Amino acid sequence: MLSKAYDPKPVEAKWAETWQKERLFISKPSAEKKPFVVVIPPPNITGALHIGHALNNTLQDVLIRYQRMLGHEAYWVPGTDHGGIATQNVMEKQLKAEGKTRHDLGREGFLARTWAWYEECGGTILSQLRKLGCALDLGKDNVRFTMDKPRAKAVFETFRSLWEKGLVYRGERMINWCARCGTALSDIEVEYEDEKSKLWHINYALEDGSGEVIVATTRPETMLGDTAVAVHPEDERYKEMTGKKLKLPLTDRLIPLVADEGVEKDFGTGAVKVTPAHDPLDFEIGQRHNLEVLRVVSYEGRMVNCPAKYEGLSVQQARKEVVQDLTEAGLLAKEEHYKHSVSKCYRCTSHIEPLVSEQWFVKMKDLAAPAMEAAEKEKVKFYPSSWKKPFVQWLSNIQDWCVSRQIWWGHRIPVWYCRSCSGDGLKFDEKGGLSRVSFSDGALPIVSQDKPAACPKCGGHDLLQDPDVLDTWFSSALWPFSVFGWPERTKELDYYYPTSVLVTGYEILYLWVARMVMSGLEHMGRVPFGQVYVHGIVRDKHGKKMSKSLGNTIDPLVMMEKYGTDALRFSLMAQTMGGRDIPFSEESIVGGRNFVNKLYNAARFLQMYLPETPAPLKAEKPAELADRWIKERYSAALKTSKAAMAEYDLPKAQDALYTFAWDEFCDWYLELAKPRLQGSGKDGVLALALELFTGTLKALHPFMPYVTEELYASLKGYLPEPGGYLLNERWPEIPEAGEGATAAMRELMDVITQIRVVRSQFEIPPGKLIKALAVSSDDGALARLKDASGYVSLLAKVEELAIGRDLSKPARAVSAISGAFNIYVPMDGTVDLEKEKGRLAKELEKARADGEQCARRLEDRTFMERAPKAEVEKIKARSEDCGGRIDRLTKILEELR
RNA sequence: GGGCAGUUAGCUCAGCGGUAGAGCAUUCGCCUUACACGCGAAGGGUCACAGGUUCGAAUCCUGUACUGCCCACCA
């Protein structure tokens, strides 16, 4: 005999290995079958999978397995992402623990080490995905990496093509600089956070001594880089002074007071200090007024180009010093508390320094236009659809994309420079390596993936590659076609592109999804996927974001160990309603674990009655009520589940099967089957139970692959058509079924429930067999109950059930009403009259209230005239029913007196 | 400052035009020969608020409040 509780560990290990060994998940282009393709959002090789990955990949796995079982050529393409800055940060942290920096290893050494890390970490991630049950073929030939050879080729081809179209350019612009990561970031890689700070009011005196201008700022240290003060042209307070010079405090510089539309009159003092090098708005003002761009913060985040006393200080230190010096000089007019949003690096949460820098950019407007159209016309359709609007809006406000990163790990920018032709445009670090490139200083680009043999202009051989690498999202943007070998025209590309659906969390909708849509349209001429399934973020049970620093993370691997993979998957799925964030906690996994156990025990129950040597059992057309009923319920559950899948409502699809399996199949059908399994009808019951249970296992397989595979394997020998792995089986056929048995069962189930209520309320010991009477004036109902009286005896533990029209209530009996029946349960001892009256009176009260409500509506002329006929009929029937109940209850109550 | 979502039982959420539902938690009774990771039963909600549409509103419309998220150069 199998153990009472399901032990997932050995089962999961066995099937995970078998599935991979059999290469069950591999796909080949097939002329006969329709492809269903999903490309995995490639996890960064930064460490272990987290709970968000577990959710994301469970959703994809469900879709893939489901589509396969529908008979489509379902292909889920596996891979990992090199993860640019994120991965480099992980490596640098490792090095730091060894007391080293990447510069100790040098660029090549650092890259070699990171590649080794990729081998290790990439493998770990893939094995974790396998553990999650993902239907991903992890054969070496099938797993992609955003930095492997074919993907590198795609990246180069993209860069080359954009360059030729003039869509990629190098220019000096305001960018977001993370001094800690030592690189520029794109606008969407910056996060904003409210911080408590101060608003300092600084006194700038006019050169001619005729007055002063007070400016308000949150960044006093940048005043050292001010090259003007600006006011609104219409501002009466400053009209007279505009054009005059101001003395810049703490320095000996003079700066002009300019008038600019960009200044808000009503904010602060109406005067802004202008630091074109370190503020986006100031940069614009600077451009309009031809102001000098004076950089006072270096790439290292230290003060430069300023009075010696501040030189080399960090921004924070400089702020303190400047404020103190201004105070001492009596130039600090005011200091007020102020809350404002500051920009932070999305990779390391350090403060971002906006600064002007020469970088590579991709021109976005022309790329965004077709993507907007695709979203608007739903060539790319969002689930839930509410994402369409923000998606389109984001595209419509798009800015050029800064794609160069001053890090080492990533696709090197495929541009080379000839040392002799590029002149001053190339800057070198102390070790003689190329550190910066400036087109404005004369650097001449040669676009090439590999080192060109010679400079096409001068024939020189001293060629150096641009030191920067591309934003990691540059290669991710190509993923839906680069995975199939683009730019090669492969047969995979032909067959699988465009892919079917992309499954992702909303946090990377712009970072990733939008860029894939744009790239797909630009390079392939077609959207990369027709549908986007957007899910939320897994949060802790209080709705807080999970983070290591808060200590509220849930490790999916630990949970899989503890509760089983199916349990984790089921529970995540159950809570991912509506595409919103998912509050998750360890407790919520218990529900999934319990359901897995329920299925396991249902199978164990069936096995008790099956012969040891498997032989096919053929189910006959159900004749008995319970059989007809369960088949109707099965049919309804499959129908609901299938319809929900079509709308990407995965939790609903799962829930329909859950409810059927537990509440209907186990709680009612199997209970009713127990005595029949002892008698001559055994084979018929077994065959039907097996048919429906294995069908349910099939339908549940996408959600909980392990336990279903295990149970199916143990039961399939008894089926007429045993089949193989569930993944290769067809999703169950939905039997034609009406609702007749469902209605008849409902009537019966209520009788059983009413007797159970009486038992429970009058504390009849659960094991004790009782007598009961069911009285009704409805002959049809009496006949139906007579036919099924065995069910009542069984499930309400009634040893003698008298059914009739004219049976009278025995003395010392408790009464209940169920549909057309008055039910009497004789008691051994005396009946607690107060209790009995109390509950019957409560019933009566309910019936009366309901009856009155019906009556009111039936008397309402407008209701009778305007409501649909069917509705009126329903109310009439309900009203009659209430009337009957009231009469019967009143009579019973009277007799109690 | 704009946009989007949410507000239903103690908690997490379904329901989205015709008598308020689930899971968990709580209470009571059961180790009933598949399952105590279980079985049976019970309690618990003026469906945020105010108007409107409708014979009828948790469900549709308008507004208010609160919460959360996204976007935006207000120093």
Side-chain angles (χ1 to χ4, degrees), chain A residues 1-2 4-6 174 188 192 199 215-219 222 230 262-264 266-275 279-285 338 340-341 354 384 386-387 389-390 393-394 397 506-507 509-510 536-537 541-543 563 567 571 574-575 577-585 587-588 590-609 651-652 655 658-659 663 666-667 670-671 674 753 756-761 763-767 795-797 849-850 853-854 857 860-868 870-872 874-875 878 882:
Chain A
M1 193 71 186
L2 294 160
K4 284 168 113 177
Y6 175 68
M174 178 63 64
I188 29 176
Y192 293 87
L199 192 59
V215 301
T217 181
T218 52
R219 298 206 54 193
T222 61
V263 180
E264 201 72 42
D266 302 328
F267 188 89
T269 58
V272 206
K273 57 191 269 323
V274 182
T275 322
D279 182 278
L281 175 65
D282 293 6
F283 182 71
E284 280 175 34
I285 295 176
Y338 190 63
H340 70 135
S341 80
S386 51
W387 282 108
K389 201 172 157 183
Q393 232 157 40
W394 185 80
N397 293 328
Y506 61 76
E507 74 274 15
L509 219 49
Y510 309 135
I537 294 167
K541 64 175 157 185
H542 308 293
Y563 300 97
S571 306
Q575 292 182 71
M577 297 287 193
R580 271 174 313 179
D581 286 350
I582 297 137
F584 203 65
S585 63
E587 301 95 81
S588 52
V590 171
R593 193 265 319 257
N594 294 353
F595 181 51
V596 171
N597 192 241
K598 191 76 186 174
L599 290 174
Y600 167 79
N601 272 291
R604 209 159 64 98
F605 174 76
L606 293 176
Q607 265 155 350
M608 277 173 35
Y609 300 95
K652 190 175 174 188
D655 187 62
Y658 166 85
T659 306
D663 298 353
C666 288
D667 283 356
L670 289 186
E671 288 307 320
K674 276 176 180 174
T753 301
R756 283 171 169 174
V757 169
V758 168
R759 295 188 68 119
S760 178
Q761 288 186 345
E763 288 155 20
I764 299 172
L795 297 186
K797 293 239 159 53
D850 196 18
Q853 203 192 359
C854 291
R857 291 171 77 177
D860 185 343
R861 274 234 316 270
T862 44
F863 172 75
M864 296 301 282
E865 278 165 20
R866 299 193 195 180
E871 189 55 30
V872 175
K874 244 164 69 184
I875 298 293
R878 207 168 101 201
C882 287

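In what follows, chains carry the letters A, B, and so on, assigned in the order in which the sequence lines appear, proteins first and then strands, with residues in each chain numbered from 1. Just so it is clear, the structure is predicted and the values come from calculations on it, not from any experiment.
Across all strands, R878(A) comes closer than 4.0 Å to base atoms (heavy-atom distances). No engagement by S386(A) is indicated, since no non-hydrogen atom pair under 4.0 Å with the nucleic acid exists. Residue-level contact check: R857(A) touches the bases, meaning some heavy atom is under 4.0 Å from a base atom. Note on R756(A): only backbone sugar-phosphate atoms sit closer than 4.0 angstrom, heavy atoms only; bases stay farther off. Among the protein residues, C666(A) comes within range of the nucleic acid bases, having at least one heavy atom under 4.0 Å from a base atom. Nucleic acid contact class of T753(A) (heavy atoms, under 4.0 Å, all strands): sugar-phosphate only. Here D860(A) lies in heavy-atom contact (under 4.0 Å) with sugar-phosphate atoms only. Contacts of V272(A) with the nucleic acid, taken as non-hydrogen atoms under 4.0 Å apart, include base atoms.
Between K874(A) atom NZ and G18(B) atom P the separation is 8 Å, expressed in whole Å. Rounded to an integer number of Å, the gap from M577(A) CE to U7(B) P is 14 Å. Here C39(B) presents its P atom at 9 Å from CD of E671(A), a figure rounded to the nearest Å. The separation between E284(A) atom CD and C74(B) atom P is 11 Å, rounded to whole Å. The OH atom of Y192(A) sits 6 Å away from the P atom of A72(B) (whole-angstrom rounding). Distance D667(A) CG to U32(B) C1': 14 Å, rounded to the nearest Å. Atom CG in D279(A) sits about 10 Å away from atom C1' in C74(B), given to the nearest Å. Look at CD on E871(A): it is 18 Å from P on U54(B), rounded to the nearest Å.
Nucleotide A20(B) forms no Watson-Crick or G-U wobble pair with any nucleotide shown, as no partner meets the under 3.5 Å limit on both distances. Base pairing of U7(B): its partner is A65(B), meeting the Watson-Crick or G-U wobble criterion (both donor-acceptor distances under 3.5 Å). Base pairing analysis places C39(B) opposite G29(B); the two distances defining the Watson-Crick or G-U wobble pair are each below 3.5 Å. Of all nucleotides present, only C71(B) satisfies the Watson-Crick or G-U wobble test against G1(B), with each distance under 3.5 Å. Pairing partner, A34(B): none, since no Watson-Crick or wobble contact has both distances short of 3.5 Å. Of all nucleotides present, none satisfies the Watson-Crick or G-U wobble test against G45(B) with each distance under 3.5 Å. For A58(B), there is no paired base (Watson-Crick or G-U wobble, both distances below 3.5 Å).
In this structure, K273(A) and P868(A) both approach RNA chain B, and ranking their closest nucleotides by distance from the 5' end singles out P868(A). Annotation: of the two residues near RNA chain B, W387(A) and S760(A), the 5′-most nearest-nucleotide partner is S760(A).
In this structure, the nucleotide among C37(B), A75(B), A34(B) sitting nearest to the side chain of V263(A) is A75(B). Taking the side chain of P583(A) as heavy atoms from C-beta on, and the options U19(B), U12(B), G18(B), the nearest nucleotide is U12(B).
Annotation: G38(B) and U32(B) have their P atoms spaced 15 Å apart (nearest Å). Across A42(B) and U33(B), the matching C1' atoms stand 28 Å from one another, rounded to whole Å. Distance check on atom P: G63(B) versus G21(B) gives 32 Å, rounded to whole Å. A gap of 23 Å separates the C1' atoms of C13(B) and C70(B), to the nearest Å. Taking the C1' atom of each, G68(B) and U12(B) are spaced 16 Å apart, rounded to whole Å. Separation of the C1' atoms belonging to C60(B) and G17(B) is 8 Å when rounded to the nearest angstrom. Rounded to the nearest Å, the gap between the P atom of C47(B) and that of U19(B) is 16 Å. The gap from the C1' atom of A75(B) to that of A57(B) amounts to 50 Å, rounded to the nearest Å.
In this model, no side-chain donor or acceptor of R604(A) finds a partner on the base of C35(B) within 3.5 Å.
In terms of phosphate contacts, K389(A) brings a side-chain nitrogen or oxygen within less than 4.0 Å of OP1 or OP2 of C4(B). K4(A) has no side-chain polar atom (N or O) that falls below the 4.0 Å cut-off from OP1 or OP2 of U33(B). Considering only side-chain N and O atoms, N594(A) lies under 4.0 angstrom from the phosphate OP1 or OP2 of G38(B). Side-chain nitrogen and oxygen atoms of K674(A) include at least one within less than 4.0 Å of the OP1 or OP2 phosphate oxygen of A34(B).
Between the side chain of S341(A) and the backbone N or O of Y192(A), no donor-acceptor pair lies under 3.5 Å. Looking at R759(A), its side chain does come within 3.5 Å of a backbone N or O of A796(A) through a donor-acceptor pair. Looking at D581(A), its side chain does come within 3.5 Å of a backbone N or O of I537(A) through a donor-acceptor pair. Proximity of a side-chain donor or acceptor of R756(A) to a complementary backbone N or O of L795(A) within less than 3.5 Å is detected.
Of the inter-residue distances, the one linking Y6(A) atom OH with R604(A) atom CZ reads 13.5 Å to the nearest 0.5 angstrom.
Classification of the W387(A)-Y506(A) ring pair by plane angle, with boundaries at 30° and 60°, yields parallel.
A cation-pi contact, defined as under 6.0 Å to the ring centre and within 45° of the axis, is absent between R593(A) and Y563(A).
Nearest heavy atom pair, residue G268(A) against residue A216(A), reads CA-CB, 4.4 Å.
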